[in-house]
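A quick write-up on the structure given underneath.
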2 protein chains.
Amino acid sequence: MTAHSDHRPVETVETAIDLLGVLKQAGRTGMGVTEIAAELGLAKSTAHRHLQTLVDRGLIVRAGDSYRLSSWFLDYGIHVRNRHPLYDLARPKVDELAAETDEKVWCVIEEDDIGVHLYGATGKHSVTTHARVGNRTPLHQFAAGKAILANLPDGQTDRIIDGHGLSERTPQTITDPGELRGELESIREQGYALNREESVPGVHAVGAPVRDEDGRAIGAISIAGPANRLRGELLTQELPDLLLGAVNEVEVNLAHA
Amino acid sequence: MTAHSDHRPVETVETAIDLLGVLKQAGRTGMGVTEIAAELGLAKSTAHRHLQTLVDRGLIVRAGDSYRLSSWFLDYGIHVRNRHPLYDLARPKVDELAAETDEKVWCVIEEDDIGVHLYGATGKHSVTTHARVGNRTPLHQFAAGKAILANLPDGQTDRIIDGHGLSERTPQTITDPGELRGELESIREQGYALNREESVPGVHAVGAPVRDEDGRAIGAISIAGPANRLRGELLTQELPDLLLGAVNEVEVNLAHA
DNA sequence: CACTCGTGTTCGAATAGCGGGAACACACTT
DNA sequence: AAGTGTGTTCCCGCTATTCGAACACGAGTG
């Protein structure tokens, strides 16, 4: 039960991770040894040696004199996704919902107190937000996240709110702890969460939690679309009904697995 | 221009990578400190320290007393995929082909002398092979790979054949260098490659390369299906025609980007 | 054509930090 | 209550990491 471990880390590994982070930002173009060394505050020789070992192990590739991340990460990343229990269970339902509603549908999971976009399906008229598979988003900022946050074990919700704070994303984002707790209470009552431009201006969403046998949320599914289309009865009745039906099916399958 | 670097690697980083590899194999369940230490031949304290730094940096998560890979890898992996030039260009065509043919369609790229499955679309009657996004496969073992192999710069093809060898996957896999070179020659002539149960028994496929301005293959698209459905004119005429049309469009878009 | 500035690469030496082992705490069995 | 299995901590020795300087190479540029 440690909030933050002060134990001395393996510094060499940390620099390697930092290096990978820098290369991620560099994107497809990649970066050269000198530039990387400067960015990390390392000697060129050190950066060079790190890069060589990472190339040898296949984590990065070298094209000319610039290095970039390799598809090693794709391999590991997809592996992580495929092995998540919700992936196989939720994917067909997410596809179904997207086809029925023509909106963007997401499956989100909770990991380490934040929300991770596990799988998304695109309907015909879907809005294209900047959300991507793998994206990490604070739970209080969006419908699926709030649905999860409202159904976590007692202590965890408080720890997240108090520990991480409530960062603002749009003017509508809930940043007041008291307000959020009230919202979470009503989410628990009605079974689903709404998001009215709290994460992206002009976008509304509905989210419902996927709970395990003990009622703990392990993830959520959400439907998102343009604010002027998702409103009134559609937003507060029809879509929640549809969503809750789908989520319920997922929960049943989850229990039997 | 080094085939294999004998330069002394950063061993600490290597053990960290090994550790991640072990955790990948462990899958969703994860592993404990003692087990990991035993697997890697490390002292428990060492394994413990590595695990803590990886947790601190978010690469792995701890649930109870077992560690597993986190969605950090999904984030990085999707990032790598999205930034590949072929991803945005080929995806719509791959979806289209899957819808038209009802078969499994893959976009494969070459990286570091091997084939990587970048994106796949599933048609209504698609076979489910064990291929997954991120999977790495020797180029000589499948249609898309052979299509790439036939259109690489002179030296590279030879280096791959001679350097990596021609591993067998099914009894039909081409393992003779001479035979393969002949096959590659005819692939260059007709513009597409066939795969008759060379990677999966009972599965046939057609693959065509995506080339850049200089004619170098940077990837390929393939259509795969059951052997008893993909045969005769369909396999040697209709599907190749369809595929070459799609690939050509991708190439045009690639040149204009 | 030489000269310079920019790369990436290599080498040796100093020391910081990695790794190991033993002792500890804790939980669960018996 | 003793026993076995975890994960955790501490400290010391020695190795492996790091740095800086020197080297090689190419592309501009006068």
Side-chain angles (χ1 to χ4, degrees), chain A residues 1-23 25-70 112 155, chain B residues 1-23 26-70 112:
Chain A
M1 274 308 156
T2 58
H4 267 263
S5 35
D6 51 352
H7 317 304
R8 209 164 302 133
V10 185
E11 297 181 17
T12 308
V13 173
E14 290 199 308
T15 65
I17 295 171
D18 290 341
L19 201 161
L20 295 172
V22 168
L23 283 186
Q25 274 202 307
R28 174 100 191 138
T29 318
M31 287 172 81
V33 177
T34 310
E35 200 179 355
I36 293 169
E39 183 79 21
L40 294 170
L42 296 174
K44 269 201 303 181
S45 55
T46 309
H48 184 251
R49 206 150 83 93
H50 271 264
L51 287 167
Q52 280 207 341
T53 69
L54 292 172
V55 167
D56 283 347
R57 295 312 206 87
L59 305 225
I60 64 181
V61 293
R62 176 177 180 170
D65 276 343
S66 91
Y67 298 86
R68 63 162 189 269
L69 300 183
S70 82
D112 228 352
Chain B
M1 273 307 159
T2 57
H4 269 263
S5 36
D6 50 352
H7 318 303
R8 206 167 302 127
V10 186
E11 297 180 16
T12 307
V13 172
E14 290 199 309
T15 65
I17 295 171
D18 290 341
L19 201 162
L20 295 173
V22 167
L23 283 186
R28 175 103 190 134
T29 318
M31 287 172 81
V33 177
T34 310
E35 200 180 354
I36 292 169
E39 183 78 21
L40 293 170
L42 295 174
K44 270 202 300 181
S45 57
T46 309
H48 184 252
R49 207 150 84 93
H50 272 264
L51 287 166
Q52 280 207 341
T53 68
L54 292 171
V55 168
D56 283 347
R57 294 315 204 86
L59 305 226
I60 63 181
V61 292
R62 176 177 181 170
D65 276 342
S66 91
Y67 298 85
R68 63 162 190 270
L69 301 183
S70 83
D112 228 352

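On a predicted model such as this, the values are computed, not experimentally measured, just so you know. Below, chain A is the first sequence line, B the second, and so on; all start at residue 1.
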Could you state the atom-to-atom distance from [atom1] of [X] to [atom2] of [N] in whole Å?
X: B:Glu14; N: C:dC18; atom1: CD; atom2: P; result: 15 Å
X: A:Leu51; N: C:dT10; atom1: CG; atom2: P; result: 13 Å
X: A:Glu11; N: C:dG19; atom1: CD; atom2: C1'; result: 14 Å
X: B:Leu19; N: C:dC18; atom1: CG; atom2: P; result: 15 Å

What distance do [X] atom [atom1] and [Y] atom [atom2] have between them, rounded to the nearest 0.5 Å?
X: B:Leu54; Y: B:Arg62; atom1: CG; atom2: CZ; value: 13.5 Å
X: A:Met31; Y: A:Leu19; atom1: CE; atom2: CG; value: 9.0 Å
X: B:Leu23; Y: B:Asp18; atom1: CG; atom2: CG; value: 11.0 Å
X: B:Ser70; Y: B:Arg57; atom1: OG; atom2: CZ; value: 13.0 Å
X: B:His50; Y: B:Ile60; atom1: NE2; atom2: CD1; value: 11.0 Å
X: B:Thr34; Y: B:Lys44; atom1: OG1; atom2: NZ; value: 4.5 Å

Using atom names, set out every protein N or O paired with an N or O of nucleotides 20-23 of chain C below 3.5 Å, distance rounded to 0.1 Å.
{"from": "C:dG20", "atom 1": "OP2", "to": "B:Ala43", "atom 2": "N", "distance (Å)": "3.1"}
{"from": "C:dG20", "atom 1": "OP2", "to": "B:Thr46", "atom 2": "OG1", "distance (Å)": "3.0"}
{"from": "C:dG20", "atom 1": "N7", "to": "B:Ser45", "atom 2": "OG", "distance (Å)": "2.9"}
{"from": "C:dG21", "atom 1": "O6", "to": "B:Ser45", "atom 2": "OG", "distance (Å)": "2.7"}

**Item:** A:His7 side chain near B:Arg49 side chain, heavy-atom distance below 4.5 Å
**Value:**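 Counting from C-beta outward, A:His7 and B:Arg49 never come under 4.5 Å.
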**First of A:Asp65 and A:Val10 reached from the 5' end of DNA chain C, by closest nucleotide** =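 Result of the comparison: A:Asp65.
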**Prompt:** Taking OP1 and OP2 of C:dG19, is either one under 4.0 Å from a side-chain nitrogen or oxygen of B:His48?
**Reply:**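 No.
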**Message:** Using OP1 and OP2 only, check whether a side-chain N or O of B:His7 sits under 4.0 Å from C:dT9.
**Reply:**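 Answer no for this pair, as no side-chain N or O of B:His7 is under 4.0 Å from OP1 or OP2.
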**Message:** So, using salt bridge (Lys or Arg N to Asp or Glu O under 4.0 Å) as the criterion, who are the partners of B:Glu11 when residues are at least two apart?
**Reply:**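 B:Glu11 satisfies salt bridge (Lys or Arg N to Asp or Glu O under 4.0 Å) with no residue once adjacent residues are dropped.
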**Asked** Reading DNA chain D 5' to 3', which nucleotide is the first, and which the last, to come under 4.0 Å of any heavy atom in chain B?
**Response**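 Footprint of chain B along DNA chain D, 5' to 3': D:dT6 to D:dT17.
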**Message:** The criterion is side-chain hydrogen bond (donor to acceptor under 3.5 Å, both in side chains); which residues satisfy it with B:Glu35, sequence neighbours excluded?
**Reply:**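 Checked B:Glu35 against side-chain hydrogen bond (donor to acceptor under 3.5 Å, both in side chains); zero matches.
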**Request:** Only one of A:Leu59, A:Thr53, A:Asp56 passes side chain to side chain contact (heavy atoms under 4.5 Å, CB included) with B:Ile17; say which it is.
**Result:**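 So, applying the side chain to side chain contact (heavy atoms under 4.5 Å, CB included) to B:Ile17 and each of A:Leu59, A:Thr53, A:Asp56, only A:Leu59 qualifies.
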**Message:** Checking A:Ala43 now: which residues fulfil side-chain contact (heavy atoms from CB on, under 4.5 Å) with it, not counting sequence neighbours?
**Reply:**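 For A:Ala43, the residues satisfying side-chain contact (heavy atoms from CB on, under 4.5 Å) (neighbours in sequence not counted) are A:Ser45, A:Thr46.
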**Asked** For DNA chain D, which residues in residues 25-36 of chain A have a heavy atom at a distance below 4.0 Å?
**Response**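 Residues of residues 25-36 of chain A under 4.0 Å from DNA chain D: none.
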